[in-house]
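Accompanying notes for the structure given below.
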Amino acid sequence: MVTSDLFDATEVKEGSTTMELLETDGSLRFWWYDAYEHRERGSVYLFGKVFNKDNNSYVSCCVAVQNIERNVFILPRNQASNGEEIGLEDVYGELSDICTKNGIKKWASKPTTRKYAFEIPGVPQEAEYLKMVYSYNEPALPANLSGSTFSHAFGTQTGPLEHFLVKRDIMGPCWLEIKNAKTSGSKETWCKAEFLVNNPKMCNPYRDANGNAPKEIPPLVIMSLSLRTVLNKQKNANEIVAASALVCKNVKIDEPTPIQNQVKIRFTAVRQLSNTPFPPGFQDALAKERKLNNTTIQVERTESSLLNYLIARIHVCDPDVIVGHNFAGFDLDVLLHRMKALNTQHWHKLGRLKRKNWPKLQAGAGGARESTYQEKMVMCGRLVCDTYLAAKDLIRSKSYRLNELAKSQLKIEREDIEFDKLASYYNNSEDLIHMVKHCSFDAFLSSSLMFKLQILPLTRQLTNLAGNLWARTMTGARAERNEFLLLHEFHRQKYICPDKSFGIKSQAAVEALDLDDDDNAEKPKTKSKGRRKPAYSGGLVLEPKKGFYDKYVVLLDFNSLYPSIIQEYNICFTTVQRHDASDEPEEEKVPDIPEQGMTQGVLPRLIKTLVERRRQVKQLMKNPKLGEAEMMQLDIRQKGLKLTANSMYGCLGFSHSRFYAKPLAMLITHKGREILQNTVDLAGTLDLNVIYGDTDSIMVYTNESEMDKVKEMGNLLKRRVNQLYNLLEIDIDGFFKHMLLLKKKKYAALLVEEKPNGELVETVETKGLDLVRRDWCDLSHDVSNRVLAAILSKLDREEVVEQIHAYLREVSAEIRNGEMPLDKFIINKQLTKSPEEYADAKSQPHVQVALRMREAGLSVNSGDTVPYVICSVENMPSGSRGFAERAYHPNDVKNGEKQLGKNIEWYLNQQVHPPIARLCSPIDGTDAAHLAECLGLDGSKFTHVSMANGDGDTYVTLESQISDAERFKDCDRLELQCRHCNTKTTFDGIGRLTADDTMEYGLSCMQCHQDLFIPTIRIQLTLAIRSFIRRYYEGWLICDDPTCSNRTRAMSVFGRRCAVNGCQGAMSREYTDKQLYTQILYYSHALDLDLTKKKYMGTPHSGKNIKKDLW
RNA sequence: GUCGGGAGCGU
DNA sequence: ATTACTATTGACGCTCCCGAC
Ligand SMILES: [Mg+2]
Ligand SMILES: [Mg+2]
């Protein structure tokens, strides 16, 4: 081993007691993964593992780094108010006074050059600062400090941990080489080994002889916890009745070892309920169970003894990671509440730092909501891996309860025990055993989930990229990760970074306040719940050409658009000029892109390295000889790099970020819109039919069925687009054989992929439809899926409609017969606040159900998904108070307490029909009314399309599906007067069938067969079109009730309701926009040369592009 | 139709 | 000597449902 020769064994004097832990040169090699800062003392406790050579195993270890010093950068003013020059001595003088006033006794300073590129106006790009160094033992300088000789003081609030990590360039969990580590006299932690370092510079990331960081990391001890509680209503406390743990002693997180192959230990502790003895036969049943499953089941009399047992086991196992489903939102707070109430000794063994004082706990029974910051701090030294939080971050699911995740991720059925009835399990021994096993099983499930979702490797990767705390990555703090990444990078480049703003107003807060003052009368900034009103405009979404496409659509998509824009245009804090001195009022102006020759900014370079590293990793992954473990490691790396690059943009626009830079975010989205629009325009010039596009993608309808031609068209556009940019790249993302495009962000398509062997594989891709949303029940999903499958199939359109109708009749009968299980009727909705915080709870089913659950003693918090079923209640209290009153929890319905029945008609009307109607809206041959009838519903509520379809949506209909004769049968023919014979005849288009069944082409009079004069045609056509447009805008409305003959142009105040007394009909346009569209389309077709050519495969004798002339 | 409230998909 | 404290939210764009008026 090569060591730095500056510090060698001579420096290490003590260590005889820890000889087995130190290296031969006396240094300590330590893999750290968590830290705790002691702000006032300027010390940081690093937690991690060291190798114990005595018994060849790793032990937990803490290194307390002391004497971390504050660094404050003082920016001198150019001139004093009296115009005199200011020297650093003047600044020093004023600073001395300020220090005395603030009680700072010892400090040092020296001039230092630093750069600045952030949002505080008036700070020069580069300047000589007075760098002030002093101990954290001394008081902090006030935030936003300034004086007569200096304008700013940076870094006054920076804590020791951030300072240490940034200065030492420590990027997440890694091996550290610690010199001069001393064994600490007093044990401050529960770690097996403990050291002190009195100089932070003694801690450095360990590099091997080649200057690389070692790849291997120590195995971790992972403990999964699961609790069972009973709500004591008198004391309003969740009391613990059982606790289970599953410990994996030797987890190599970089290897994909499934949980089955891990070395595991299990134990469970269960106690009596109050002072009632266990049910008869329980001890015998336990003995049997222990033998059968070879597990430890500890029986305790009281909650207090149960907790003592648990804490003791935790201490012995000394886990590095604690796993639990909703551990941070429930178990942790409950444990702390109970240990405090029962005065449990050594409660702080839950974490690894010894404590004298209790943190402030959450109000309430315990486990009511996410743990407080201080509560989480108790855990320091042990990482908390909350599978509930992680799952929310990593996957989309209908619900994030353990049941659902076990089923979808692990393919394991978990029994749904109703925790509000937990006490009843104490009635007999079988039930109690069952409950104990269930508790233990949950510990297993949540560990399994952790392994399956690869939570530890992924979060570690992200942490290593950003250089923050692993424990923070695990709680999901995305913005903070990004801050650390930038903090590290800008510090390396000798920039002064923006300070974290606490109470004081940040740039963003000031801005927000200004806005509020300006238009106070306007609507509040928050549109709904926590979601704010947008601060600037985002991606461009093209108006879709709605309809069904039965030939190939090509999807092209820019590869990570926003990161690429940052690189392409060199967008960075350091490059974009944005302190607009000229124009004060127009704050919303998008800044200009930096000049071409400007040196590459920090941000673009950062992104570039991320992208390049990802490319390398993906290259490595192509190696077929890779083992499973290596493949997994590479894939995690690749994912982490992508996530990190992509999150950069979002954080620029985040108003609470330290690196908030709205102008940069605005510039990026502005360029994004510009790029997409340019792409659309370019496609237009290539005669490609762009049917849709969203932010970074466009879809082109090829009107081709042959893959080769389709590819050719896609590649043509791809080539032409990519010529325009240096780095930015568009790529073909897929080919859709059929596609149903309903609305912006809502479509389904048949994706065709070519396998390496040339075989074509079709998969259905569904975006945004009700099908993919959890707030529609499975019944709705199932029916929609079937209908969608029919629509996307290659069947004749008529057959499709027939099939759909038949299926709907069949399924509605099935539903009415009660053949559907209850599960199919469950609707899931998330709570975005605590249930009692809803102002209008009465009209919201999920809130109603949540409140009822809470009343039953269940924990329901903000962020939980609430399942409910809409029932038909026989004796509704006077006045139908809305459907929310009829919402019940599925368990209540199952138990049949109040004889609840699913409200079949409600489901058919509200859950099945609307999504189906939306899916079928572009499909000819059916409509909402018809679909309703098939479902056995009252179809008359829906306007018949034959009468009027005033919805305003026009659909692309397929030339191949409908003959022109059919489509244009209701259109008025074009009447043209001939200059030669002066007769007015009906002109049937430039290609037409004459009476003797022969084809006739060209612009000639039907009577005298002389050529028609083009300007006359133009005038007559214009007049005709105008008359139709006028007819449309006259806006005659008719009632759709056949018995009512109301025809009016007056728009009712009741919207579409018919104004005639007693009439229940709805008003709709007599002449609809669809009719107008079809009419104009007819004229266009009648005179379109290309279409006529295609249609009749002939050669017209008059060869001019008539269409262009006329329009 | 408007406003308000509530869902959560999309990029 | 002890204690308290923030406060923890990536962005924007686009439907869809309920209710009152
Ligand atoms: Mg993309
Ligand atoms: Mg895309």
Side-chain angles (χ1 to χ4, degrees), chain A residues 39-40 143 157 356-357 359-360 370 372-374 376 396 398 472 475-483 500-504 508 523-524 526-544 557-558 560-562 643-644 646-660 662 664-666 668-669 672-673 676 693-697 742-747 766-776 827-833 838-847 865-866 881-884 910-911 914-915 918 1051-1057:
Chain A
R39 207 170 248 264
E40 301 76 34
Q157 307 298 305
K356 288 197 197 98
N357 307 304
K360 195 185 146 196
E370 178 104 347
T372 62
Y373 184 67
Q374 286 190 32
K376 282 182 197 157
R396 196 160 58 90
K398 265 188 305 192
R472 304 285 299 154
T475 65
R478 283 215 264 265
E480 192 180 272
R481 232 164 54 212
N482 200 65
E483 279 177 12
K500 193 144 96 183
S501 55
F502 283 90
I504 44 134
K523 48 198 152 181
T526 59
K527 202 181 86 186
S528 73
K529 54 151 187 166
R531 194 160 164 178
R532 290 168 217 66
K533 190 184 123 208
Y536 60 94
S537 43
L540 172 64
V541 185
L542 305 180
E543 189 59 47
D557 187 304
F558 284 100
S560 33
L561 181 68
Y562 289 169
L643 282 173
T644 306
N646 281 341
S647 69
M648 199 97 306
Y649 152 74
C651 293
L652 292 176
F654 175 39
S655 50
H656 290 294
S657 168
R658 279 164 84 172
F659 291 89
Y660 179 48
K662 195 165 95 172
L664 297 190
M666 283 168 73
I668 292 166
T669 55
R673 291 190 296 273
L676 181 60
D694 182 350
T695 310
D696 66 345
S697 66
L742 291 182
K743 283 217 140 58
K744 283 180 174 175
K745 300 183 193 282
K746 295 192 179 211
Y747 62 85
T766 312
K767 289 276 163 87
L769 301 184
D770 302 325
L771 277 175
V772 302
R773 297 170 55 109
R774 73 157 87 92
D775 48 5
W776 295 89
I827 299 165
N828 289 290
K829 255 185 194 162
Q830 198 167 42
L831 293 170
T832 50
K833 318 188 247 250
Y838 283 83
D840 188 17
K842 278 196 303 268
S843 65
Q844 285 165 152
H846 63 300
V847 182
T865 36
V866 179
R881 275 188 292 165
F883 85 120
Q910 308 298 319
Q911 289 275 314
R918 281 191 278 273
M1051 187 55 99
S1052 157
V1053 286
F1054 300 114
R1056 290 182 52 195
R1057 279 251 305 279

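Below, chains carry the letters A, B, ... as their sequence lines are ordered, and counting in each starts from 1. Because the structure is a prediction, the values reported are computed rather than measured.
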Rounding to an integer number of Å, can you tell me how far Asp840(A) CG sits from rG5(B) C1'? 6 Å

For Phe558(A), which residues count as a ring-ring contact (aromatic ring centres under 6.0 Å, His included) partner, sequence neighbours excluded? none

Figure out the CD1/C1' separation between Ile827(A) and rC9(B), and round it to whole Å. 17 Å

Can you name the ring-ring contact (aromatic ring centres under 6.0 Å, His included) partners of Tyr747(A), sequence neighbours left out? none

When you measure from the side chain of Arg918(A), which nucleotide among dC17(C), dT3(C), dT9(C) comes out closest? dC17(C)

Please enumerate all residues that pass side-chain contact (heavy atoms from CB on, under 4.5 Å) together with Arg478(A), with sequence neighbours excluded. Asp393(A), Arg481(A)

What's Asn482(A) touching, base or sugar-phosphate or nothing? Going by heavy atoms closer than 4.0 Å. nothing

Of the candidates dT9(C), dT8(C), rA7(B), the side chain of Lys829(A) sits closest to rA7(B)

Does rA7(B) have OP1 or OP2 sitting under 4.0 Å from an N or O in the side chain of His846(A)? yes

Residues which pass side-chain contact (heavy atoms from CB on, under 4.5 Å) with Asp694(A), listed by chain and number, not counting sequence neighbours: Val541(A), Tyr692(A), Ser697(A), Lys745(A)

Could you check how far CZ of Arg481(A) sits from P of dT8(C), rounded to whole Å? 19 Å

Could you list the residues that satisfy side-chain contact (heavy atoms from CB on, under 4.5 Å) with Pro359(A), not counting sequence neighbours? Trp347(A), Leu361(A), Gln374(A), Val378(A)

Using side-chain contact (heavy atoms from CB on, under 4.5 Å) as the criterion, list what pairs up with Glu370(A), not counting sequence neighbours. Lys376(A), Leu389(A)

Check this one for me: any side-chain N or O of Arg774(A) less than 4.0 Å away from OP1 or OP2 of rG8(B)? yes

Anything below 3.5 Å on both distances counts as a pair; with that, list the stems of at least three consecutive Watson-Crick or G-U pairs involving RNA chain B. B:1-11 with C:11-21

Result of checking Asp696(A), Asn646(A), Thr695(A), Leu652(A) against Tyr562(A) for side-chain contact (heavy atoms from CB on, under 4.5 Å): Thr695(A)

Grab the N/O contacts between the protein and nucleotides 11-13 of chain C below 3.5 Å, and write none if there aren't any.
residue: dC12(C); atom: OP1; partner: Ala535(A); partner atom: N; Å: 2.6
residue: dC12(C); atom: O3'; partner: Gly538(A); partner atom: N; Å: 2.7
residue: dG13(C); atom: OP1; partner: Gly538(A); partner atom: N; Å: 2.8
residue: dG13(C); atom: N7; partner: Arg531(A); partner atom: NH2; Å: 3.1
residue: dG13(C); atom: O6; partner: Arg531(A); partner atom: NH1; Å: 3.1
residue: dG13(C); atom: O6; partner: Arg531(A); partner atom: NH2; Å: 2.5

Starting at OG of Ser657(A), measure out to NZ of Lys500(A) and round the result to the nearest 0.5 Å. 11.5 Å

OP1, OP2 of dT15(C) versus side-chain N and O of Tyr747(A): anything below 4.0 Å? no

Give a yes/no on whether any side-chain N or O of Gln910(A) is located under 4.0 angstrom from OP1 or OP2 of dC18(C). yes

Non-neighbouring partners of Lys398(A) that pass side chain to side chain donor-acceptor pair (under 3.5 Å), sequence neighbours left out: Asp778(A)

Quick one: which of dG10(C), dC5(C), rG10(B) gets closest to the side chain of Ala479(A)? dG10(C)

So, is Lys746(A) near the phosphate of dC16(C), with a side-chain N or O under 4.0 Å from OP1 or OP2? yes

Send over the distance from Arg478(A) CZ to dT9(C) P, rounded to a whole Å. 11 Å

Arg774(A) versus Thr865(A): any side-chain heavy-atom pair under 4.5 Å? yes

Arg773(A) CZ to dC17(C) P, in whole Å, measures 9 Å

Output the rounded distance in Å from CZ (Arg472(A)) to P (dA7(C)). 15 Å

Rounded off to whole Å, could you give me the CD-to-C1' distance for the Gln911(A) and rA7(B) pair? 12 Å

How close or far is atom C1' of dT6(C) from atom NZ of Lys360(A), stated in whole angstroms? 10 Å

Would you find a donor on one side and an acceptor on the other, under 3.5 Å apart, between the side chain of Arg918(A) and the backbone of Asp770(A)? no

Between dT9(C) and rU11(B), how far apart are the two P atoms, rounded to whole Å? 25 Å

Considering only rG10(B), dC16(C), rG6(B), which nucleotide approaches the side chain of Lys767(A) most closely? rG10(B)

Which of dC16(C), rG5(B), rC9(B) is nearest the side chain of Trp776(A)? It is dC16(C)

Please pick, from rG8(B), dC5(C), dG10(C), the nucleotide with the shortest atom-to-atom distance to any side-chain atom of Gln830(A). rG8(B)

Kindly say if Asn357(A) contacts the phosphate of dT3(C), meaning a side-chain N or O under 4.0 Å from OP1 or OP2. yes

